[in-house]
Amino acid sequence: MNTREQYEVIVVGGGPAGLCAAMYAGRGMLRTVLLERGLPGGELLNTEWIEDYPGFMKIKGRELAQLMTDHAREFGAEIRTENVEYIERRPDGIFEVVTSLGNIFEAPAVILTAGGTPTKLEVPGELEYAGQGVSYCAVCDGAFFKGETIAVVGGGDAAVEEAEYLTRYAGKVYVVHRRAAFRASKLLQERLFANPKIEVIWNKRVLELVGNERGLRALELEDTVTGERSVLNATGCFVFIGFRPNTGLVRGHFAHDASGYAITNDRMMTTIPGLFAAGDLRVQLTRQVTTAVGDATTAAIAVEKYLADLRDPTTHAAAVRGVPAVPEARLGV
Ligand code: NAP
């Protein structure tokens, strides 16, 4: 039977931002539920080692995910396995979060921390060989490529870091990038260039992923400068070309940038009053575990204040109006 339950705040998404928001909201004595379709942990579950989270010189992503989950529960947040289909704000200001089981969660505030979905290359063969050579997760699939020759596509932190990780399994890793310079951090680049198993192929875009009944066999490439075509033999192709934010869960318009990342004010509130956003789906310079938990801390504390203001008729109007801290021109409203 479908349920309809009331909370003070609903956290949508169980990555580091969601877990931290739930921890703070729980600690703030708010009746809090976190909805996550899979195991809590988000991108932490796809990262073998975390080396840039203060206080932990080096910790497994899975271990940090478990610690954050325990921490949120310890402060009273409920964590439920539910796949959120959509979020809608009713005219009375209450949000309905509807899940694929048909359950409805209601609250006056929602913190959206649903992260993103890996961007696809959108070339022929990508769908056909997904799971048969094409992957978007090195930690999940790297071990299937022991001693093989594989390609990593992309030039950001994810591509450069994961290429390095994949050398523990693969015999040879080609990094295929569409320009002649990486955007990844210098430290990650230095490690990559020092790794004898890695070879970088600059200025190449992937035209097609080619294979047979045994799976992926090659990448067809085109030089972005000369237009020349070539074939790179590889049985694996790991694609790390960015994320698409999962902001489409929200019914109703709110300000976002050209790529769909949510624009918030300095309290992490979007242009929909009561809808807060934190972590990878928010417009920002960089997307780290530390920035995700920073956003989430602000969002959870701002929710406490927002709910207190709603209860106080003298500040109610300002709370529901929302106060964007960025110029309206940038918000596109
Ligand atoms: P990103 O920084 O947006 O980089 C995406 C890369 O893919 C860029 O090099 C881009 O090329 C390339 N690209 C985009 N579309 C492409 C296409 N259609 N075909 C071929 N190449 C394409 O994404 P990310 O590496 O996933 O990182 C996302 C965020 O997470 C970043 O803020 C990053 O700092 C963070 N992150 C951090 C760490 C870490 O610090 N350890 C690890 C992973 C991720 P151009 O350079 O030519 O645009």
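All figures in this text were calculated on a predicted structure; none of them were measured in a lab. Whatever order the structure lists ligands and atoms in, that order sets their numbers, starting from 1. Values reported hereafter were calculated over all heavy atoms of this structure, with side chains retained and with hydrogens, waters and symmetry mates removed.
For the pair Gly154 and ligand 1, the shortest N or O to N or O distance does not fall below 3.5 Å. Polar contact with ligand 1: absent for Leu188 (N/O pair, distance under 3.5 Å). Note: an N/O pair closer than 3.5 Å links Gly155 and ligand 1 by distance alone.
In terms of protein heavy-atom proximity, atom 31 (C) of ligand 1 is nearest to Arg287 N, 4.3 Å. For atom 24 (P) of ligand 1, the closest non-hydrogen atom on the protein side is Ala158 CB, 3.8 Å. Of the protein's non-hydrogen atoms, the one nearest atom 47 (O) of ligand 1 is Arg179 NE, 2.7 Å. Of all protein heavy atoms, the one lying nearest to atom 42 (C) of ligand 1 is Glu161 OE1, 3.1 Å. What sits closest to atom 15 (N) of ligand 1 on the protein, heavy atoms only, is Arg178 NH1, 3.6 Å. At the shortest separation from atom 2 (O) of ligand 1 among protein heavy atoms lies Arg183 CD, 3.7 Å. Among all protein heavy atoms, the one lying closest to atom 3 (O) of ligand 1 is Gly242 CA, 4.3 Å. Of all protein heavy atoms, the one lying nearest to atom 5 (C) of ligand 1 is Ile241 C, 3.7 Å.
Set against the non-hydrogen atoms of Thr286, the atoms of ligand 1 under 4.0 Å away are 32 (O), 34 (O). Within ligand 1, the atoms closer than 4.0 Å to a non-hydrogen atom of His177 are 9 (O), 11 (O), 45 (P), 46 (O), 47 (O), numbered from 1 in the order shown.
Between Glu78 and Arg80, at least one side-chain nitrogen of the basic residue sits less than 4.0 Å from a carboxylate oxygen of the acidic one, meeting the salt-bridge criterion. Looking at Arg251 and Glu85, no side-chain N of the basic residue comes within less than 4.0 Å of a carboxylate O on the acidic one, giving no salt bridge. The residues Glu106 and Arg4 are annotated as salt-bridged, a charged nitrogen and a carboxylate oxygen being separated by less than 4.0 angstrom. With respect to the salt-bridge test (charged N to carboxylate O, under 4.0 angstrom), the residues Arg191 and Glu161 do not qualify. Using a cutoff of 4.0 Å between basic side-chain nitrogens and carboxylate oxygens, Arg205 and Glu222 are scored as salt-bridged.
For the pair Arg287 and Tyr261, the distance from NZ or CZ to the six-membered ring centre is under 6.0 Å and the angle to the ring normal is within 45 degrees. The cationic group of Lys120 lies under 6.0 Å from the six-membered ring centre of Tyr136 and within 45° of the ring axis, placing it in a cation-pi geometry. In this structure, Lys172 is positioned above the aromatic face of Tyr174, its NZ or CZ under 6.0 Å from the six-membered ring centre and within 45° of the axis.
Contacts with ligand 1 closer than 4.0 Å are made by side-chain heavy atoms of Gln288 only, the backbone lying farther away.
Between Asn246 and Ala114, the shortest heavy-atom contact is ND2-O, 2.9 Å.
For the side-chain contact (heavy atoms from CB on, under 4.5 Å) with Val134, the lone residue among Leu209, Asp141, Leu127 that qualifies is Leu209.
Across the listed options Val123, Leu285, Asp157, Asp157 owns the non-hydrogen atom lying nearest to atom 33 (C) of ligand 1.
Distance check on atom 28 (C) of ligand 1: every protein heavy atom falls at or beyond the 4.0 Å cut-off.
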